[in-house]
Amino acid sequence: MVIVSSAFISKALSSPNLKDLRQIHALVITLNLEHSDFFSGKLIDKYSNLKDPHSSLSVFKRASSPPKNVYLWNSIIRALSHNGLSTKALDFYKKLREHNVSPDKYTFPPVVKACAGLLDKEMGDWVYGEIVELGFGSDLYVGNAVVDMYSRMGLLGRAREVFDEMPVRDIVSWNSLISGCSYHGCYEEAVGVYRELRSSWVVPDSFTVTSVLSAFGNLEGVKEGEGVHGFVVKLGVGSVVVVNNGLLSMYLKLRRLRDARRVFDEMVVRDSVTYNTMICGYFNLEMYEESVKMFLENFDQFKADILTVSSILRACGHLRDLRLAKYVHEYMMRGGFVVGTTVGNILIDVYAKCGDMIAARDVFKGMECKDTVSWNSIINGYIQSGDVLEAMQLFKMMMIMDERADHITYLMLVSVSTRLTDLKLGRGLHCNVTKSGFCSDVSVSNALIDMSAKCGEEGDSLQIFNSMESKDTVTWNMVISACVRSGDFATGLQVTTQMRNSGVVPDMATFLVILPMCASLAAKRLGKEIHCCLLRFGYESELRIGNALIEMYSKCGCLKSSLKVFEHMSRRDVVTWTGMIYAYGMYGEGEKALAAFADMEKNGVVPDNVVFIAIIYACSHSGLVEEGLACFEKMKTQYMIEPTMEHYACVVDLLSRSQKISKAEEFIQTMPIKPDASIWASLLRACRTSGDMEIAERVSKKIIELNPDDPGYSILASNTYAALRKWDKVSLIRKSLKDKQIKKNPGFSWIEVSNRVHVFRAGDVSAPQSEAIHKSLEILYSLMAKEGYIPDSREVSQNLEEEEEKRRLVCGHSERLAIAFGLLNTEPGTPLQVMKNLRVCGDCHEVTKLISRIVGREILVRDANRFHLFKDGTCSCKDRW
DNA sequence: CTAGGGTTAG
């Protein structure tokens with residue numbers, strides 16, 4: 001009876017489904033066969049194959065206990081390991097050892113696999129030690145399992161060692177090694193092992209091919225991938241789905257769309273990986289329409305999973321296709337798709353991108369497990385849709401709910417405070433960042449540097465910069481830009497030098513920060529060096545770099561270099577032309593500026609409001625009144641550009657400079673917007689030059705009434721009253737400036753002599769070679785006096801008792817010191833180039849003209865407004881400045 | 001009686 005039943009059960013066990021298996025199991029129990037190691041072992045195996053490891057476990061527990069038969073132990077360990085219960089499998093291995101059962105060579109592969117599944121390196125090493133100790137180290141199957149384990153753990157060297165020590169290897173050994181390399185991104189190594197394999201006696205199989213294809217997909221230069229495609233056919237694995245999926249993936253990664261499409265079309269059997277590979281592949285190539293099309297044409301052919309859905313939804317985000325997003329969302333819900341955290345986060349982002357914040361909020365509310373990304377996505381959604389208040393509200397909620405903010409949260413919020421120039425908010429965030437330890441994140445610190453700078457707190461920027469342990473290119477760019485923004489060029493230069501010495505690789509932004517700094521400083525030498533640097537880094541053909549170079553060279557006094565850069569540019573936009581036109585303007589080359597403007601129009605470049613400022617400015621500095629006015633008209637009527645305050649100021653300047661004072665005044669009266677201090681100041685300067693003190697006084701009164709923020713305008717008015725000797729008014733203005741705690745921008749000049757910049761302040765006696773400078777100036781004054789020069793003290797603003805004292809102050813204007821220093825320290829005849837942060841005063845202008853004749857030198861002076869080239873007693877500005 | 005390896009994704 002028992003013998004008949006055993007035979008029957010043995011046969012019945014050959015191919016059962018789960019229902020049949022349970023019946024057989026019941027039969028085994030009723031026949032009292034459950035203590036038979038043979039039947040128990042069979043049942044454990046069968047349950048395991050049907051992915052029911054818990055039933056396997058209960059069979060094991062009811063079997064003879066403690067089991068002595070290693071076969072039973074092997075079965076249960078295998079059942080657990082194969083079904084992903086790695087920890088349990090390892091526990092059973094330990095129990096086996098405790099019961100003093102001797103493992104055999106069949107015990108180890110599942111145990112090793114369990115270690116691999118847990119990526120537990122220590123346990124892996126321990127098990128491998130046991131294997132070697134018990135003498136199973138040379139077994140092929142055990143060895144393969146170990147190679148695979150180390151491969152999966154990314155310990156590729158260790159895997160290779162074990163591989164090399166194996167006395168026998170087969171294709172599985174090779175495949176384990178190759179797939180390990182591929183999986184861990186060591187594509188060259190994967191291909192290397194593949195080549196070794198090809199030159200051995202072992203024949204590759206479909207597993208080999210699939211593993212190595214994924215490596216070829218990531219190696220653009222290597223053409224062997226194509227060979228593999230042919231080889232696939234030769235091996236006879238051309239119809240294996242997984243192999244074709246590998247080919248598809250490779251071709252898509254290499255952007256070989258036609259090949260991918262051909263493989264796809266010729267596939268007889270496809271699986272969901274096939275469709276996902278196509279959908280994700282198109283998505284990664286930013287071919288969102290194709291990705292979506294692939295899904296819509298085949299969504300009934302396979303079961304969409306998280307990969308499908310995340311690609312398609314993100315494609316909807318890029319395409320701003322709200323309808324499709326909602327459709328896919330619905331399709332997911334209908335199909336019983338569980339919206340987990342990741343997919344929920346994608347949905348929030350997609351709805352936000354498509355502008356449906358209500359839908360985004362609904363998804364957010366409905367999510368059971370929110371993570372930081374969920375909060376970031378919804379906050380970012382509100383920021384992008386312009387609802388900063390709601391975004392901040394959510395951030396507060398996040399803090400209250402003790403939800404962890406990450407570096408991206410802070411990055412987003414800091415950029416909001418930057419955009420709003422909200423220093424209070426920014427500083428609050430800075431505190432949070434410091435408290436939560438994110439100040440070690442470079443990008444967050446960079447954002448804080450930028451925020452402080454744009455809120456006008458250069459000091460904060462520098463402090464953050466100095467406290468940073470690691471800095472990247474953006475950090476340096478930001479801090480230099482902070483210095484430039486606040487006018488602290490000295491620190492800007494220092495940081496630039498540090499950056500160049502630090503070995504950080506500059507990017508385009510670096511040059512776009514440093515070049516304007518060189519322009520402001522007229523640091524010709526540094527500018528040229530930077531030009532060389534950017535050639536070395538290959539940025540010379542960039543449009544914005546070209547534009548910056550034009551500006552840098554023109555402001556450094558090298559108009560010719562500007563022109564050279566301009567001529568070499570392959571593409572030119574409005575900014576390029578504006579740069580050239582402005583450059584010509586600064587040098588008093590109004591005709592050339594007009595020609596450039598016409599050229600620009602001929603080249604089909606549409607002018608914007610800025611280029612009109614440049615051209616009117618150019619006309620203004622060359623006395624081309626009619627032409628300038630014509631440009632102004634053209635802007636309004638032909639190009640329909642509404643003039644701004646700056647345009648009106650330019651026109652007033654244009655008229656005033658040419659002494660058409662009444663016309664200028666008339667023009668101001670017809671302005672459709674209320675003229676500000678800059679407009680009146682232009683007129684006032686003209687009155688001062690022409691000596692029209694009646695209008696000057698009237699205009700000064702207007703300026704004072706406007707109470708301008710810029711102290712320069714008030715000082716101009718004050719100087720007018722000083723010239724009229726109305727000292728009460730002067731002291732009144734001075735007092736109001738003092739009350740507002742505004743200090744006059746101190747004037748200074750600088751000159752570059754033998755590669756060093758020397759700075760001079762008005763009346764500065766501590767300057768280098770001060771005595772020699774004063775002595776040589778005295779000599780020059782006496783020579784000038786012989787030519788009939790009388791110092792003009794109108795520019796002096798203080799009510800000083802002694803006329804002599806006034807003269808001393810005039811003599812002390814910083815540009816004269818710089819010029820004298822230049823004369824003393826260069827060979828006779830060398831041209832001088834002096835920079836000044838304010839405008840040159842009338843008396844200094846006169847003096848410089850005379851000096852240029854007396855010493856026979858060209859003196860180029862760049863003031864806040866333009867260039868003056870002094871030569872043989874005349875100036876290129878033709879006294880219009 | 002029993003064992004080992006592959007493709008999509010960030």
Side-chain angles (χ1 to χ4, degrees), chain A residues 10 13-14 36-46 48-49 69-79 81-82 103-113 116 136 139-149 151-152 159 162-163 166 168-180 182-183 185 190 204-217 232 237 240-253 260 263 267 270-284 291 302 304-311 314 342-343 345-346 373:
Chain A
S10 282
L13 277 169
S14 61
S36 149
D37 290 342
F38 175 76
F39 288 116
S40 295
K42 273 282 185 193
L43 281 168
I44 293 170
D45 280 342
K46 290 296 165 185
S48 165
N49 289 344
N69 189 338
V70 73
Y71 168 54
L72 264 190
W73 287 97
N74 288 352
S75 295
I76 191 61
I77 292 171
R78 192 167 54 244
S81 175
H82 276 251
D104 64 5
K105 61 174 183 175
Y106 297 112
T107 314
F108 285 105
V111 175
V112 174
K113 189 187 159 121
F136 296 108
D139 181 79
L140 174 63
Y141 284 82
V142 175
N144 283 348
V146 175
V147 172
D148 183 57
M149 174 184 75
S151 280
R152 278 175 201 274
V162 178
F163 177 89
M166 287 169 71
V168 190
R169 288 180 283 259
D170 70 356
I171 184 61
V172 177
S173 331
W174 289 93
N175 290 349
S176 299
L177 212 51
I178 295 171
S179 74
S182 275
Y183 183 79
D205 64 2
S206 67
F207 287 79
T208 322
V209 170
T210 16
S211 302
V212 84
L213 280 175
S214 88
F216 281 126
V232 162
V237 294
V240 178
V241 199
V242 183
V243 171
N244 281 320
N245 290 346
L247 280 170
L248 272 185
S249 167
M250 178 185 76
Y251 282 134
L252 284 166
K253 275 189 192 145
V263 174
M267 280 171 78
R270 298 174 186 145
D271 64 5
S272 45
V273 175
T274 315
Y275 293 107
N276 277 346
T277 304
M278 292 299 281
I279 291 167
C280 300
Y282 282 136
F283 177 83
N284 288 333
S291 179
F302 72 108
D305 62 7
I306 184 164
L307 286 182
T308 328
V309 164
S310 59
S311 288
R314 280 154 65 212
T342 311
V343 174
N345 294 346
I346 295 171
V373 180

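So that the names make sense, note that chain A is the first sequence line, chain B the second, and so on, each numbered from 1.
Remark: S311(A) pairs with I279(A), C280(A), F283(A) by the side chain to side chain contact (heavy atoms under 4.5 Å, CB included) rule, at least two apart or across chains. Partners of S179(A) by side chain to side chain donor-acceptor pair (under 3.5 Å), not counting sequence neighbours: none found.
I346(A) and R314(A) get closest at one heavy-atom pair: CG2-CG, 3.7 Å. Considering every non-hydrogen atom in both A79(A) and I44(A), the closest pair reads CB-CG2, 4.0 Å. Closest of all the heavy-atom pairs between D45(A) and Y71(A) is OD2-OH, 3.6 Å.
D45(A) comes within contact range of no nucleotide atom at all, as no heavy-atom separation falls under 4.0 Å. Using a 4.0 Å heavy-atom cutoff across all strands shown, D148(A) reaches sugar-phosphate atoms only and no base atom. As judged by a 4.0 angstrom heavy-atom cut-off over every strand, T210(A) is placed among the base-contacting residues. If you check every strand for non-hydrogen atoms under 4.0 Å, S206(A) touches a base. In this structure, R270(A) reaches neither bases nor backbone, as no heavy-atom distance under 4.0 Å exists between it and the strands shown. If you check every strand for non-hydrogen atoms under 4.0 Å, V146(A) touches nothing. Residue-level contact check: S75(A) touches neither bases nor backbone, having no heavy atom under 4.0 Å from any strand. R314(A) comes within 4.0 angstrom of sugar-phosphate atoms only, judged by non-hydrogen atoms across all strands, and of no base. Residue contacts for N244(A): at a heavy-atom cut-off of 4.0 Å it reaches no nucleic acid atom on any strand shown. Residue K113(A) is classed as a sugar-phosphate contact, given heavy-atom separations below 4.0 Å to backbone atoms only. If you check every strand for non-hydrogen atoms under 4.0 Å, V112(A) touches nothing.
For the 3.5 Å distance criterion, the side chains of N345(A) and T342(A) fail to qualify, holding no donor opposite an acceptor.
Under the 4.5 Å side-chain criterion, counting only non-hydrogen atoms from C-beta, V209(A) is in contact with L213(A).
Once you apply a 4.0 Å limit to the heavy atoms of chain A, the touched nucleotides of DNA chain B run 5' to 3' over dC1(B) to dG10(B).
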